> 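The structure follows.
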Amino acid sequence: MLKLFTLLVAAGIASPALANDTMAEVKTGGLIFAQSDDVSMAEEDLFISASEVRVGYVFENTSDKDVESLVAFPMPDITGQVDNNSAISDYDSDNFLHFSTVQDGSPITAKLQQRVVSLGIDVTDEFAKYGIPVLPFSQKTTEALAKLPETVRKDWIVRGLVYPMAEGDSNGAEKITLVPLWTLRSTYWWRTTFPAKKKVNVEHRYKPAVGGTVAISFLEDGEPKGERFEEYSRKYCLDGDFTRVAQQRAREAEAGGANYTESWISYVLSTGANWAGPIRRFQLTIDKGKSGNLISFCGNNVQKIGPTAFRMTAEDFDPEKDLDILILSPPEAQ
């Protein structure tokens, strides 16, 4: 069972509050490997911060023959919506998480597969036919949708691929913009070989899509109660000390001070558990950013290893539960 881990650090002087908005975090994880009974994971070294995720793997082929395998990194789905609140910031690049990987010191050139799905139906070929970029929130996509033939526009609206949004232009006339509603599914993949009786080092990194809100949202009238508080308690393992500090910061904001902001980072630990047996040595390092930040997450035997960094290690680790991290930040720590 995972035990509670919460760290509290006193914050500094508050500055003016930020605008009131919320961004939804996007769950990401590690690499997925094709099933193999001959390849085991000797080590996994996972680093998570709000600015970067780094994962280092050491695989060992214990058999007397080489093992060829397919390796994949599934990017999070991007679904179009009328009010976009996704935390993804780079909508004009296929590699919107800036993903990269290295094997035994050599960069891997991965292939990218992208599929467009609407209401469970694959419509990728239609997008290619009409030259529509697949990234829902790209400016190029918006411009291409505006050039669709009228019959196609009407058909896509009926089928739920796009939504007609009425907007006023600079002259006061009404203008219809087609808002994407489809889902983009992207996966980077490549083939690799695990040599017989040898170890292979694989490293990859990317920028996480961090969600959050500009005020403490899990208290109800300043008290630790309600459905959202119960959800946070389960998801982030809030304890009494963390909650009391959050209440104090919320009271200070009510009295005219600045709000603490929430940041949410999610990592799918259970992704890709296709190797032979558990991870023999697992290490997780989490960096909360600034020393004035407060952090809470579920972990076991976590130790502080620096002013902002915390580490958990385990042997024969079997990832069964995903990791969710809550960071509360004073305005000057943004």
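Everything numeric here is computed off the predicted structure, so don't read it as measured data.
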> Are W156 and F127 an aromatic pair, judged by ring center distance below 6.0 Å?
yes
> Run the ring pair (Phe, Tyr, Trp, His ring centres under 6.0 Å) test against F282 and tell me which residues pass, sequence neighbours left out.
F317
> Verify whether the ring centers belonging to F297 and F310 lie closer than 6.0 Å.
no
> Judged by atom type as modelled, is there a donor-acceptor pair below 3.5 Å linking the side chain of T183 to the main-chain atoms of I78?
no
> Would you indicate whether E315, at its atom CD, is surrounded by more than 12 heavy atoms from other residues, nucleotides or ligands within a distance under 6.0 Å?
no
> Got a sec, which residues hit ring pair (Phe, Tyr, Trp, His ring centres under 6.0 Å) with F99, two or more places apart in sequence or on another chain?
F73, Y188, H204
> Charged N to carboxylate O under 4.0 angstrom, R249 versus E252?
yes
> Write down the atom of L181, the atom of G160, and the distance for their closest heavy-atom approach.
CB-O, 3.4 Å
> If we ignore hydrogens and angles and just use 3.5 Å, is the side chain of Y267 paired with the main-chain N or O of G30 as donor and acceptor?
yes
> Would you please say whether a donor-acceptor pair under 3.5 Å links the side chains of T193 and D66?
no
> Is T62 reaching over with its side chain to a backbone N or O of D38, donor-acceptor style, under 3.5 angstrom?
yes
> Counting only N and O atoms by type, is there a donor-acceptor contact under 3.5 Å from the side chain of D287 to the main-chain atoms of A309?
no
> Who else is in V102's hydrophobic cluster (ILVMFWY, side-chain heavy atoms under 4.5 Å, direct or via others)?
none
> Ring pair (Phe, Tyr, Trp, His ring centres under 6.0 Å) with F218: which residues, sequence neighbours excluded?
Y232
> Which residues pass the ring pair (Phe, Tyr, Trp, His ring centres under 6.0 Å) test with F47, not counting sequence neighbours?
none
> State yes or no: do I157 and W182 share one hydrophobic cluster built from I, L, V, M, F, W and Y residues joined by side-chain heavy-atom distances below 4.5 Å, directly or via other members?
yes
> Output side-chain donor-acceptor pairs under 3.5 Å for residues 114-124, partner residues at least two apart or in another chain, one line each.
{"unit_1": "Q114", "atom_1": "NE2", "unit_2": "D94", "atom_2": "OD1", "d": "3.4"}
{"unit_1": "Q114", "atom_1": "NE2", "unit_2": "S186", "atom_2": "OG", "d": "3.3"}
{"unit_1": "R115", "atom_1": "NE", "unit_2": "D122", "atom_2": "OD2", "d": "3.1"}
{"unit_1": "R115", "atom_1": "NE", "unit_2": "T124", "atom_2": "OG1", "d": "3.4"}
{"unit_1": "R115", "atom_1": "NH2", "unit_2": "D122", "atom_2": "OD1", "d": "3.4"}
{"unit_1": "R115", "atom_1": "NH2", "unit_2": "D122", "atom_2": "OD2", "d": "3.3"}
{"unit_1": "D122", "atom_1": "OD1", "unit_2": "T124", "atom_2": "N", "d": "2.9"}
{"unit_1": "D122", "atom_1": "OD1", "unit_2": "T124", "atom_2": "OG1", "d": "2.7"}
{"unit_1": "T124", "atom_1": "OG1", "unit_2": "V116", "atom_2": "N", "d": "2.8"}

> Less than 3.5 Å apart, any donor N or O on the side chain of R191 or S69 sitting next to an acceptor on the other?
no
> Which atom names give the shortest non-hydrogen contact between D64 and A196, and what distance separates them?
C-CB, 3.5 Å
